[in-house]
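First comes the structure, then the notes that go with it.
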Amino acid sequence: MSSLEDIFGKLALTTVTTVSRIALSHATNAAIRNVTSYISTQLPKNKQASNEIRTLQRQLDLKVKNLKPTIDIIAKSVANGNEDLEPALEMCNDLKRDIDNFANQVDTIKEPEQVKYQLKRLLENIDDAIPSLHLALRSIENQLGRATVSPSRLVRASSVLNSDSKTFTLKLYSLFTANQRDASAYAFTWKEEFHKCKLTVSKKDWNRTLVIQEDLNDGLYHEEDEEGKKMTIEIENIERMYYTQSGELLNIEDAKTSVLVLKVLKEKKSEKEEESKVETKQTAPEIIKEELRTANWYAFGLWNDDDDDEQDTKVKKDTLDILLLESVIKLCSLEAKEQMSHLEASDELIQLYMT
């Protein structure tokens with residue numbers, strides 16, 4: 001049976017997976033820390049052994065760091081449906097397991113020669129994996145070459161992030177969590193959260209937040225003392241995005257033009273959860289309940305006060321604005337996860353996050 005992600009993925013024109021750093025780097029950092037602790041506690045006077053182990057330690061750190069861009073691209077491709085590359089990620093999981101085992105055992109090793117042996121074996125395992133990972137990378141280079149980033153949309157998205165004046169005027173819908181029937185698009189009910197709202201992007205360090213303020217100047221009746229509601233979405237909690245040409249495909253009855261759907265985690269994943277593999281049961285209701293328990297689903301459509309929803313010019317403008325919002329969120333994700341300005345990002349990093 002299908003999960004919510006399966007359903008939306010089949011209906012969406014494009015599926016965007018926000019890229020997270022591979023768990024391999026977490027395991028390596030733990031190993032580096034434990035080796036440093038081993039040197040300081042067990043080899044305070046053995047300078048030769050300490051220097052040799054530090055050299056191997058640095059080689060391990062640099063090799064994994066050099067592999068991270070390749071692993072990220074492969075992980076992105078697998079997340080977007082390229083199942084042929086799953087063995088490459090399994091190879092990375094094997095490396096992570098080996099490094100984890102070493103990190104957990106290093107404090108119990110008595111002889112420095114054994115530590116050096118274990119580090120050299122890890123380096124050999126990485127060297128053995130590199131040709132296969134690079135082969136997997138070459139297999140998707142043609143696909144990445146065809147999936148080019150729109151220069152005009154990239155410039156506009158960058159302009160939004162560098163200016164505090166840009167506001168998106170939207171309608172906001174949320175998935176009705178009490179609705180859990182069969183696994184199809186029409187089994188889910190969307191409720192309108194804000195008939196009209198203003199979305200802006202705020203920044204604190206490199207972490208971005210979507211700020212959504214309800215606009216009561218929406219043509220509906222409101223009490224005189226009624227105040228518009230406000231909600232925020234942390235960029236780092238956005239796990240997945242879906243874009244569709246019409247909200248009606250997702251059973252959003254009054255959304256005839258394009259919408260952007262966000263899967264937003266209710267709680268940020270811990271480092272341990274990010275490293276573990278997510279297992280899904282084969283029974284649809286359990287899958288659906290679990291997804292609704294751990295994440296909120298929101299759909300954004302462009303708001304306008306024109307009743308003529310069939311005008312070609314309006315439909316085209318709505319589509320461009322929704323795609324611009326999608327690009328803005330992608331750049332925000334880049335900054336949040338890489339802790340750097342998108343203006344300083346390499347072409348490869350831009351390509352990774354924007355396609």
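All heavy atoms count here, side chains included; hydrogens, waters and symmetry mates do not.
- Test E234, E335, E236 against R208 for side-chain hydrogen bond (donor to acceptor under 3.5 Å, both in side chains) and you get one pass: E335.
- Counted by atom type alone, K266 and T294 present zero donor-acceptor pairs between their side chains at under 3.5 Å.
- For the pair K166 and F168, the cation-pi test (distance below 6.0 Å, angle within 45°) is passed.
- Distance OG/S202 to CD1/I235: 9.0 Å, rounded to 0.5 Å.
- Electrostatic pairing of K229 and E214 does not count as a salt bridge here, judged by no charged N lying under 4.0 Å from a carboxylate O.
- For the pair C197 and L172, the tightest heavy-atom approach, listed with the atom from each and the gap, is SG-CB, 4.1 Å.
- Counting only N and O atoms by type, the side chains of Q57 and R54 include no donor and acceptor under 3.5 Å apart.
- Under 4.0 Å is where a charged nitrogen must lie from a carboxylate oxygen, and between D98 and R121 no such pair does.
- Counting only distance, with no hydrogens or angles, the side chain of T209 and the backbone of V211 share no donor-acceptor pair below 3.5 Å.
- Counting heavy atoms from C-beta on, the side chains of L67 and I130 come closer than 4.5 Å.
- Distance check, rounded to the nearest 0.5 Å: CG of L262 to CG of L325 gives 7.5 Å.
- For the side-chain hydrogen bond (donor to acceptor under 3.5 Å, both in side chains) test with Y353, the passing option among E338, K337, K330 is E338; the others fail.
- For D205 (side chain) and N207 (main-chain N/O), no donor-acceptor pair under 3.5 Å exists by modelled atom type.
- Of the inter-residue distances, the one linking L352 atom CG with D347 atom CG reads 12.5 Å to the nearest 0.5 angstrom.
- Between Y298 and E193, the side chains place no donor N or O within less than 3.5 Å of an acceptor N or O (distance only, hydrogens not considered).
- Note that the CD1 atom of I39 and the NZ atom of K47 stand 14.0 Å from one another [nearest 0.5 Å].
- Heavy-atom minimum distance, N34 versus A103: ND2-O, 2.6 Å.
- From S37, atom OG reaches atom CD1 of I32 across 13.0 Å, with rounding to the nearest 0.5 Å.
- Y242 and W297 have parallel rings, their planes meeting at less than 30° on a 0 to 90° scale where 60° marks the start of perpendicular.
- When side chains are defined from C-beta on, T169 counts as touching K196, because their heavy atoms get closer than 4.5 Å.
- The local environment of NZ in K203 is crowded, with over 12 non-hydrogen atoms from other residues, nucleotides or ligands closer than 6.0 Å.
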